[in-house]
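Below you'll find the structure, written out as C-alpha cells, and then a few comments.
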Amino acid sequence: MWYHFFFWLHIISYVIWLITSVGSLVYGIKIKVEEKIPTKMNMIRSERLVSNAGNCIAFISILISGIVMSSPNLGPPWGWFDIQLYPWLAVKQLFLFIIMILLVIDIKRSMTLKTVLNQKNRLFREVKDRWIKTYRISLAIYTFVIASTLLGILKPALS
C-alpha cells in the first residue's frame with residue numbers, strides 16, 4: 001500500500017513539474033511580448049515564484065518518493081539496482097543529480113534577481129539581464145525533466 005502511495009506521489013510530482021515548466025514558458029513568452037516595463041517586472045516576479053515553487057516542491061517530492069520506492073521492503077526490487085538491468089533508471093538518476101545542481105544555481109540566481117528587483121533605483125536592463133540568465137537555467141532544468149519523464153514512461157533498453 002505504501003509503495004502505491006509513493007508511486008503516485010512520484011507521478012504527481014512529475015506532473016507538477018511539467019505544469020510548472022509550461023507556466024514558466026507562458027510567462028517567458030508574455031514577458032518577451034509585453035511592452036510596459038512595470039508589467040514586465042511584475043511578470044518576472046510571478047515567473048520566478050511559479051518556477052521556484054514548482055521546482056522545489058516537485059524535486060523534494062520526487063527525491064523522497066524515489067528513495068522510499070527504492071526501499072527493498074516496499075515494492076519492486078529497484079533497491080540499489082543493477083545498472084545493466086535498468087539503464088534507463090540509471091540515466092534518470094544522473095538527470096536528477098544534474099537537475100539538483102542546476103536547482104542550486106537557479107535558486108542562487110533567483111535570490112540575486114529578487115535583490116535587484118527590490119532595489120528602488122534599479123535599471124530594467126540589469127533586471128532583464130539577470131532574469132534571462134536565471135531563466136536559461138530553468139529551461140535547462142525543464143529539458144532534463146522532460147527527458148526524465150520520457151525515460152520513466154518509455155523505459156528504453158539504452159543498450
Side-chain angles (χ1 to χ4, degrees), residues 2-34 40 42-71 74-114 116-117 127-159:
W2 281 108
Y3 177 80
H4 294 292
F5 170 77
F6 285 104
F7 174 80
W8 284 106
L9 177 63
H10 205 71
I11 301 292
I12 291 167
S13 298
Y14 268 107
V15 170
I16 288 170
W17 222 338
L18 294 172
I19 290 169
T20 299
S21 65
V22 170
S24 182
L25 289 172
V26 168
Y27 268 117
I29 292 168
K30 284 184 172 184
I31 291 167
K32 185 127 176 112
V33 173
E34 181 59 46
K40 277 189 178 201
N42 288 333
M43 286 184 178
I44 287 172
R45 278 190 180 90
S46 298
E47 186 277 328
R48 286 290 83 206
L49 178 65
V50 166
S51 186
N52 287 336
N55 285 343
C56 290
I57 290 168
F59 179 78
I60 291 168
S61 298
I62 286 169
L63 187 65
I64 291 170
S65 62
I67 289 170
V68 172
M69 285 190 323
S70 69
S71 158
L74 287 182
W78 303 120
W80 293 100
F81 59 91
D82 184 0
I83 291 175
Q84 292 174 342
L85 290 176
Y86 308 110
W88 61 272
L89 192 53
V91 174
K92 277 182 62 87
Q93 300 307 311
L94 176 64
F95 285 175
L96 193 63
F97 181 73
I98 292 169
I99 289 169
M100 180 179 65
I101 292 169
L102 290 174
L103 268 175
V104 170
I105 295 168
D106 187 53
I107 289 169
K108 282 185 160 193
R109 286 189 177 179
S110 290
M111 289 169 48
T112 304
L113 176 63
K114 185 177 180 180
V116 172
L117 276 168
V127 171
K128 183 180 172 189
D129 290 344
R130 289 188 185 275
W131 176 74
I132 287 171
K133 288 178 182 177
T134 306
Y135 190 68
R136 285 184 185 149
I137 296 293
S138 293
L139 292 178
I141 290 169
Y142 300 141
T143 302
F144 281 109
V145 168
I146 291 168
S148 182
T149 303
L150 290 174
L151 281 171
I153 292 170
L154 301 175
K155 297 176 182 65
L158 299 174
S159 42

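Within the model, atoms CG of D106 and CD1 of I99 stand 11.5 Å from one another, a figure rounded to the nearest 0.5 Å. Put simply, OG on S110 and CD1 on I44 are 11.5 Å apart, with the number rounded to the nearest 0.5 Å. The CD1 atom of I137 sits 13.5 Å away from atom CD1 of I132, with the distance rounded to the nearest 0.5 Å. Rounded to the nearest 0.5 angstrom, L154 CG and T149 OG1 are separated by 10.5 Å. In this structure, I11 CD1 and S65 OG are separated by 9.0 Å, a value rounded to the nearest 0.5 Å. Rounding to the nearest 0.5 angstrom, the gap separating the CZ atom in F59 from the CD1 atom in I64 is 10.0 Å.
Applying the ring-ring contact (aromatic ring centres under 6.0 Å, His included) test to F5 and every residue at least two apart in sequence or in another chain returns W2. Residues meeting the side-chain contact (heavy atoms from CB on, under 4.5 Å) test with I98, sequence neighbours left out: L94, L102, F144. Applying the side-chain contact (heavy atoms from CB on, under 4.5 Å) rule to I107 yields the partners C56, M111; only residues at least two apart in sequence or on another chain are considered. By the ring-ring contact (aromatic ring centres under 6.0 Å, His included) test, W17 is found to be paired with no residue, residues two or more places apart in sequence or in another chain being considered. Residues satisfying the ring-ring contact (aromatic ring centres under 6.0 Å, His included) criterion with Y14, sequence neighbours excluded, are H10.
Using a 4.5 Å cut-off on side-chain heavy atoms (C-beta onward), V91 and W88 make no contact. You'll find the side chain of L96 stays beyond 4.5 Å of the side chain of M100, heavy atoms only. Between F95 and L151, the closest side-chain pair of non-hydrogen atoms falls below 4.5 Å.
Considering every non-hydrogen atom in both S51 and R48, the closest pair reads OG-NH2, 3.2 Å. Closest approach of R109 and K133 over heavy atoms only: NH1-O, 3.0 Å. In terms of heavy-atom proximity, E34 sits nearest to K40 at O-CE, 2.5 Å.
Remark: of the listed residues F6, F7, Y3, F6 is the sole one forming a side-chain contact (heavy atoms from CB on, under 4.5 Å) with V68.
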Please set out all donor-acceptor pairs under 3.5 angstrom arising from side-chain atoms of residues 19-33, sequence neighbours excluded.
residue	atom	partner	partner atom	Å
T20	OG1	I16	O	2.8
S21	OG	L18	O	2.6
S24	OG	E47	OE2	2.6

